[in-house]
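The structure's right below; bear with me while I get my questions together.
Scope of the values below: all heavy atoms of this structure, side chains included, with no hydrogens, waters or symmetry mates.
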Amino acid sequence: MAEIAIKGVAKQFGDFTALHSVDLTIADQEFMVLLGASGCGKTTLLRIIAGLETPSQGEVWIGDRRVDHLPPRERGIAMVFQNYAVFPHLTVFENIAFGLRMAKLPQAEVTRRVTRTAELMHIEQLLKRYSGELSGGQRQRVAVARALAMEPDVILMDEPLSNLDALLRLEMRAELKGVLAESKTTTIYVTHDQVEAMSLADRISVMNGGYIVQADRPTQVYRNPAARFVGSFIGNPPMNFLPAKGAGDGRWHVAGQVFDGPKVAAAEFAIRPEDLHPSEHGLDAEVRVVEPLGPHTLVTAEVAGQPFRAVLESDRAISPGDVIPLAPIPDRIRWFDPDTHKAIQ
Amino acid sequence: MSDVTRPAPRQEDVGRAGRFLFRAGIGLLVLWVLVPIWFLFVNALSAPSEVTSFPKRLWPSFDMASLQFFWNFQGVTRALWNSVKVAVLTMILSIGMGAPAGYALSRFDFPGKEFFRVLVIMTRAFPLPLLALPLAVMFIRTGLDDTVLGLALVHAMLALPFAVLITYSLFSGIPVELEEAAWTLGCTRFQAFVKVVLPLALPGIAASAVFAFVISWNEVFAAAVLTIENRTLTAFLLQSLNVSPLPLKFAGGAALVLPALIFIFAVRKYLFAMWGIANR
């Protein structure tokens, strides 16, 4: 049982505030992804949970123990590093056995666990090799096996796939998901890759500027961004935003069209590029660039002077300069507060 | 046609001249180092009569008379033994103090870190002759004069900057993540150092120790000033060889140079690393 609770954790590096009072609860056996651009504080948060950084304020709880004053070795965690951190002077076997030997497990148990995790990660034929004789992908497998062999309550992963090439990353992603689901540990996984986050996570915490902007299931984060930032960060291409002018009684003028919206003083209109379709009436989009991508066509256009993207069926002939009316799917329209940038429910 | 082809040989000529200059420069530098060494060994390994003769042979006659005489010379073995003792002690002192300082420089941020690094090198800018007299007075007062430990302390001071800088670059070359991984796998800071950092740094630390040994082995000024009875080989040779025949001087010189040469050759890779020359 290892529920993780982060209560009011903040971190300052000199004048720079890396984390502003973050609160987050991660359920037992949950796969939580911390997602954000570089410098958003996601790695700092992970390192605070690991005990490699001390928080300036706040508490970290793992299970029913407060751990923020404990060194990493007493926290019941295992960590996988971005650059693998496989010990170069030890064989693969001894690398995986390293933590088990520190825990003074009997030799039979060490051998059993090393063999089991090595088989799990498909590296049983590499046990006698040294790190220098392995490829990047194999090293990452060793690093994951070493963490799994500890049978920890919590596994922390700091961009574990970012040093691998694209094809290998895809393969490892699927494998990691299976292995970690089976191991029944709580996982916290840091990445800047939204596809990785969407595909792996039970829940995603989107971070920006030292805050957690939204922590929710991947589909929720995608469909119902809690803030303008989430909509503009997640999705490729990202969400479109257009200014809206109130017409009273929850009706809004957007680029010459009228939509039903929230009954508030000010709002911004938002729609995902794939939630648009050409229609007789819609937002008049002046096409600038057309990129046929096979299954669909990416159209970059301008609506009321604002950049606007749409993902359309590829069988329709569109060329730059065309003006096409694009109708949004009504229940996919989202509204944001133009001042706070928060979603309006 | 000729207009087109004319520039080509010119450029070739420039390139050839450049290459020639480059090679000549290298040749000169190599000779600068090798000729004295060759001279030393030819004379040390030749019969005493050949030493004073001219022209020199390219290859020595391997006559051991000079070396034998040197070895049996009153006090040589004792001075040699003293040299070894002082050098080993210097090695232990400078690594014992230098390696922790190098580790701290590479792993911790502390106020005055840059100043400390400069200070470490500054100790080498301080001329030893200026220091020698007050040091001698202080050593006599504290009873450290004419002892192996006293001299080793001075030599350690000379070797420490190198020990600190070599180990600093050594530890900096070992990723922090390796230590952090060890901490998450159950190690204390000290255990992680012993189990992960030390095995990786050991060859370099050994090299830095050998370098400290050589610095002490070659040092003559402090040794001559601070010892009387317990002379090291350098101080002993300086004192007695002034009044010795030429063959003996060459034999003594060769005996001094050989261990230093072998050791430096063995650890050259790490010395290059210290000076920031990319190796391999």
Q) Are the side chain of Thr191(A) and the backbone N or O of Leu35(A) linked by a donor-acceptor pair below 3.5 Å? A)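 No, Thr191(A) side chain to Leu35(A) backbone: no donor-acceptor pair under 3.5 Å.
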
Q) Is there a donor-acceptor pair under 3.5 Å between the side chain of Lys42(A) and the backbone N or O of Gly36(A)? A)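 The answer is yes, because a donor-acceptor pair under 3.5 Å joins these two groups.
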
**Q.** Residue selection (most heavy-atom pairs with chain B, distance under 4.5 Å) from Gly99(A), Pro152(A), Pro71(A)
**A.**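 Highest number of pairs under 4.5 Å: Gly99(A).
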
Q) Which atoms form the tightest heavy-atom contact between Gln29(A) and Lys184(A), and what is the distance? A)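 Taking every non-hydrogen atom into account, CG-O, 3.4 Å.
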
**Q.** Leu24(A) to Ser205(A) - nearest heavy-atom pair and separation
**A.**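 What the structure gives for the nearest pair is CD1-OG, 3.5 Å.
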
Q: Answer whether the closest heavy-atom distance between the side chains of Thr25(A) and Lys7(A) falls below 4.5 Å.
A: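 No - every pair of side-chain heavy atoms lies 4.5 Å or more apart.
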
(Q) Just to verify, what does His20(A) make a ring pair (Phe, Tyr, Trp, His ring centres under 6.0 Å) with, not counting sequence neighbours? (A)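 His20(A) satisfies ring pair (Phe, Tyr, Trp, His ring centres under 6.0 Å) with Tyr211(A) once adjacent residues are dropped.
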
Q: Give, as side chain, backbone, both or neither, the part of Val80(A) having an atom under 4.5 angstrom from any heavy atom of chain B.
A: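 For Val80(A), there is no contact with chain B at all, as no heavy atom is under 4.5 Å.
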
Q. Should Val190(A) and Val33(A) be marked as a side-chain contact (heavy atoms from CB on, under 4.5 Å) after you check the CA-CA gap, both sets of side-chain angles, and the distance that decides it?
A. CA-CA 6 Å; Val190(A) 162; Val33(A) 170; over 6 Å; no

Atom pairs (donor, acceptor) spanning chain A and chain B, under 3.5 Å:
from     : atom 1 : to        : atom 2 : distance (Å)
Arg47(A) : NH1    : Glu180(B) : OE1    : 3.0
Arg47(A) : NH1    : Glu180(B) : OE2    : 3.3
Arg47(A) : NH2    : Glu180(B) : OE2    : 2.6
Arg73(A) : N      : Trp183(B) : O      : 3.4
His89(A) : NE2    : Lys195(B) : O      : 2.9

Q: Give the minimum heavy-atom separation between Ala118(A) and Leu127(A), together with the two atoms involved.
A: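 Shortest heavy-atom separation between Ala118(A) and Leu127(A) comes out as CB-CD2, 3.9 Å.
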
Q: Look at the side chain of Gln138(A) and the backbone N and O of Ser135(A), then say whether any donor-acceptor pair between them is shorter than 3.5 Å.
A: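 Judged by distance alone, yes, a pair lies under 3.5 Å.
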
Q: With a 4.5 Å cut-off on heavy-atom pairs, point out which of Pro175(B), Cys187(B), Ala182(B) contacts chain A the most.
A: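 Counting heavy-atom pairs under 4.5 Å, the top option is Cys187(B).
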
Q) Which region of Leu178(B), side chain (C-beta onward) or backbone (N, CA, C, O), has a non-hydrogen atom less than 4.5 Å from a non-hydrogen atom of chain A, or is it both or neither? A)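 Both backbone and side chain.
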
**Q.** Toward chain B, the part of Phe81(A) with a non-hydrogen atom under 4.5 Å
**A.**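 Contact with chain B involves the side chain of Phe81(A) alone.
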
Q: Sort Met79(A) into side chain, backbone, both or neither according to what part of it lies under 4.5 angstrom from a heavy atom of chain B.
A: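 Met79(A) touches chain B through backbone and side-chain heavy atoms alike.
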
